[in-house]
Amino acid sequence: MHILLVASAFNSLTQRVHVELRDHGHTVAVELALPERPLVEAVRRHTPDLVLAPMLKTAIPREVWAAYPCFIVHPGPFGDRGPSSLDWAIQRGADRWGVTVLQAVEEMDAGDVWASVDCVVPPVGKSDLYRGEIADAALTAVLLAVERFASGTRTPRPQGPAHAEYTPVRIRPYLDQSVRRIDWDADSTETVLRKLRAADSQPGVLDVLCGAEWYLHGGHPESGLRGAPGELLATRAGAVCRATTDGAVWIPELRRRRAPGQPPTYKLPAAQALGDRLPSLPELAAPDCADPRRRTWTDIGYREEGSVGVLSFSFPGGAMSTTQCRRLLDAYRQACARPTSVLVLGGQRDFFSNGIHLNVIEAAEDPAAESWANINAVDDLVEAVLTTTDRLVVAAVAGNAAAGGMMLALAADEVWCRAGAVLNPHYRLMGLYGSEYWTYTLPRRVGAATADRLLGEALPMSAASARDLGLVDRVVDCGPGDFAAEVGRLAARLAALPGSPSRIAAKKAELERQECGEPLAAFRERELSRMRRTFDDPDAPYHALRRAFVHKYRPESTPPHLGLAATTATREAAGADRSTRARVTGTALDDLSRRPDGWYEES
């Protein structure tokens with residue numbers, strides 16, 4: 001079928017639906033629902049067999065749903081209605097939730113139901129849950145609904161008392177800040193955590209801190225620190241720790257409340273956001289992972305299981321600032337000093353990495369200089385992975401990865417991806433040529449022609465499609481909460497394989513051959529020369545695109561590359577190119593666009 005995705009933004013779930021439907025052989029196009037662009041005209045232009053809305057904040061016009069079958073993906077179980085469904089589930093402590101695919105009608109969320117799938121609700125933030133268990137349930141429900149619709153033999157289930165299995169309707173109001181507000185003098189740690197998690201990453205919890213109003217983003221428990229409720233106790237890795245009535249919570253990010261007439265504000269590491277307002281507090285080192293009794297938080301951790309080392313990291317939004325890259329590099333070097341034969345690099349769940357930290361760059365006094373420092377810090381980390389020759393390195397991609405974050409994964413010997421991960425191996429939507437040794441690692445894996453196509457299309461891909469291209473070595477089909485344990489089991493098996501020592505020896509020999517031919521430094525130098533010209537040019541598209549991304553400015557129209565119908569058929573030519581991947585090192589590719597555009601939003 002030809003399916004048109006209508007969305008308020010090309011966010012994580014919209015991308016997931018996009019790649020999965022393409023993998024199932026459908027042609028898929030995207031139209032953003034923008035105030036200045038009549039949706040009716042856009043839908044007519046596409047003449048779709050089905051309109052599907054994975055994430056839509058406005059109603060579909062009658063002229064559209066009366067003329068075309070329109071399915072809405074609602075992040076709530078059968079009978080649930082309202083714009084804050086998932087927020088209510090988390091704030092009230094639900095242990096199970098669901099996703100429903102229903103037909104658009106006049107009344108919001110009141111149409112007949114084509115599919116409804118339940119899922120567990122682990123104690124994580126809304127954005128993590130949304131990209132994990134909710135996205136998995138949504139994809140199951142979407143594929144089931146599309147299959148039922150295409151068959152022509154199934155009818156949807158009405159919502160109403162006329163149905164034999166009537167489920168009472170629950171209309172939930174918008175969850176505003178009056179309900180989200182934290183009472184630091186009365187709320188327990190668990191209550192505070194539920195409120196923080198229900199507002200992550202949008203809209204945050206509005207609060208007063210250090211004499212100013214801020215939105216608090218993210219929340220993690222701390223059992224080892226105490227203080228007067230509401231008091232700031234310590235900092236760690238850019239986060240602040242704040243006391244509750246019976247413990248404390250770590251808050252990684254803050255966003256200043258927008259002042260009248262001022263541009264939208266954006267999230268920053270909490271300590272950086274507070275700046276001079278932050279009182280003198282102790283900076284706590286990362287906790288000892290050997291103490292399982294303490295509930296605490298850190299963004300980088302290391303553990304060993306036999307001959308396997310696991311270096312985990314989890315940065316909010318997947319962005320890695322200069323400081324975060326340097327701390328991760330230090331941790332990587334320490335991990336490489338341990339007597340292991342396999343080193344796993346990756347998070348426990350959610351994002352792997354999205355590359356440089358655009359918010360921190362935007363907030364810098366000199367964004368061009370900070371951009372340069374950030375890209376070099378990422379390059380240093382990637383170089384360390386590429387030149388590790390005394391053990392096998394596995395990139396464990398639990399969640400989405402993009403741009404430089406994807407190239408960080410490709411520096412490893414093997415890339416293992418959770419089946420639900422969405423990958424964006426391109427840069428041009430941010431007006432960047434890219435670095436992180438991509439001109440070496442990407443063509444090495446998929447060949448120069450396919451690398452050129454991936455960067456030119458600038459479309460997301462599923463883990464399964466990436467495996468078919470040779471970009472990913474293993475797809476781990478499991479839930480978000482099971483990924484870390486499954487990776488640990490597979491890594492232990494890799495370490496025990498008889499052929500692993502010879503693979504490690506071959507790594508060293510291959511790197512020596514590479515350095516005698518075209519050294520890795522040459523790839524980095526060519527890439528960075530292009531990046532430096534972009535950073536230093538105030539008129540380069542990158543600067544405007546970065547500001548638009550950080551401040552969440554809406555585009556004037558749907559980016560052209562999203563409006564084109566895409567299907568897996570466009571990828572068939574890539575098969576022959578993969579056979580050359582072991583021999584191809586690649587050269588710097590030309591700029592793919594002088595006017596890149598796009599708009600992404602993570603919910």
Side-chain angles (χ1 to χ4, degrees), residues 10 12 14-16 18-23 27-30 318 352-356 378 382 395 397 400-412 415 417 421-473 475 523 526-527 530-531 545 559-594 596-598 600:
F10 198 49
S12 60
T14 307
Q15 292 185 42
R16 178 86 183 271
H18 187 271
V19 301
E20 294 277 0
L21 288 176
R22 283 160 47 201
D23 284 358
T27 59
V28 185
V30 180
F352 180 76
S353 171
N354 286 328
I356 60 176
V378 181
V382 174
V397 183
N400 300 351
M406 186 68 223
M407 304 313 165
L408 170 61
L410 295 187
V415 180
C417 247
V422 175
L423 310 177
N424 278 278
H426 54 81
Y427 298 89
R428 75 174 177 91
L429 299 182
M430 199 49 61
L432 293 174
Y433 178 73
S435 192
E436 296 96 7
Y437 296 86
W438 77 262
T439 53
Y440 170 70
T441 57
L442 187 58
R444 179 180 64 165
R445 276 190 165 264
V446 302
T450 300
D452 195 352
R453 179 176 58 79
L454 291 176
L455 271 70
E457 288 179 348
L459 290 173
M461 63 169 49
S462 67
S465 291
R467 177 193 56 201
D468 293 343
L469 286 178
L471 204 62
V472 165
D473 300 289
V475 174
F523 293 92
R526 284 195 298 267
E527 294 167 1
R530 303 286 290 268
M531 296 287 275
L545 291 168
H561 74 292
L562 296 182
L564 299 174
T567 180
T568 52
T570 62
R571 307 186 181 279
E572 292 177 353
D577 194 48
R578 291 202 305 273
S579 65
T580 65
R581 65 184 241 202
R583 302 191 302 275
V584 175
T585 57
T587 57
L589 305 180
D590 292 335
D591 277 331
L592 295 161
S593 173
R594 287 297 300 165
D597 52 7
Y600 293 85

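Heavy-atom minimum distance, A411 versus V382: CB-CG1, 3.8 Å. Shown here for A412 and R445, the closest heavy-atom pair between the two residues is O-NH2, 4.2 Å. Minimum interatomic distance between H18 and P460 (heavy atoms only, all atoms of both residues): ND1-CG, 4.2 Å. Across all non-hydrogen atoms, the minimal contact from V397 to A401 is CG1-CB, 4.2 Å. Summarising the geometry of L469 relative to T450, their closest heavy-atom pair is CD2-CG2, 4.2 Å, with the distance given to 0.1 Å. Considering all non-hydrogen atoms of both residues, V378 and E436 come closest at CG1-CG, 3.4 Å.
Atoms CZ and CG, on F10 and L459 in that order, are 6.5 Å from each other to the nearest 0.5 Å. One finds the CE atom of M406 at 4.5 Å from the CG atom of L471 (value rounded to the nearest 0.5 Å). Between the CG atom in L429 and the CG atom in L562 there is a gap of 7.5 Å [rounded to 0.5 Å]. Distance CE/M407 to CG/L442: 5.0 Å, rounded to 0.5 Å. D473 CG to L410 CG: the interatomic distance, rounded to the nearest 0.5 Å, is 9.5 Å. The distance from atom CG of D452 to atom CD of E457, rounded to the nearest 0.5 Å, is 10.0 Å.
Applying side chain to side chain contact (heavy atoms under 4.5 Å, CB included) to V415 and the options V472, L423, V475 leaves one that passes, V472.
A donor-acceptor pair under 3.5 Å links the side-chain atoms of E527 to the main chain of Y437, judged by distance alone. Proximity of a side-chain donor or acceptor of R16 to a complementary backbone N or O of V422 within less than 3.5 Å is not detected. Put simply, the side chain of N354 never gets that close to the backbone of G405: no donor and acceptor are under 3.5 Å apart.
The aromatic rings of Y427 and W438 are tilted relative to each other, their planes meeting at an angle between 30° and 60°.
If you check the side chains of N400 and Q15, you find no donor sitting under 3.5 Å from an acceptor.
Residues I356 and L432 are in side-chain contact: their nearest non-hydrogen atoms beyond the backbone lie under 4.5 Å apart.
Considering only residues two or more places apart in sequence or on other chains, F352 meets the ring pair (Phe, Tyr, Trp, His ring centres under 6.0 Å) condition with F313.
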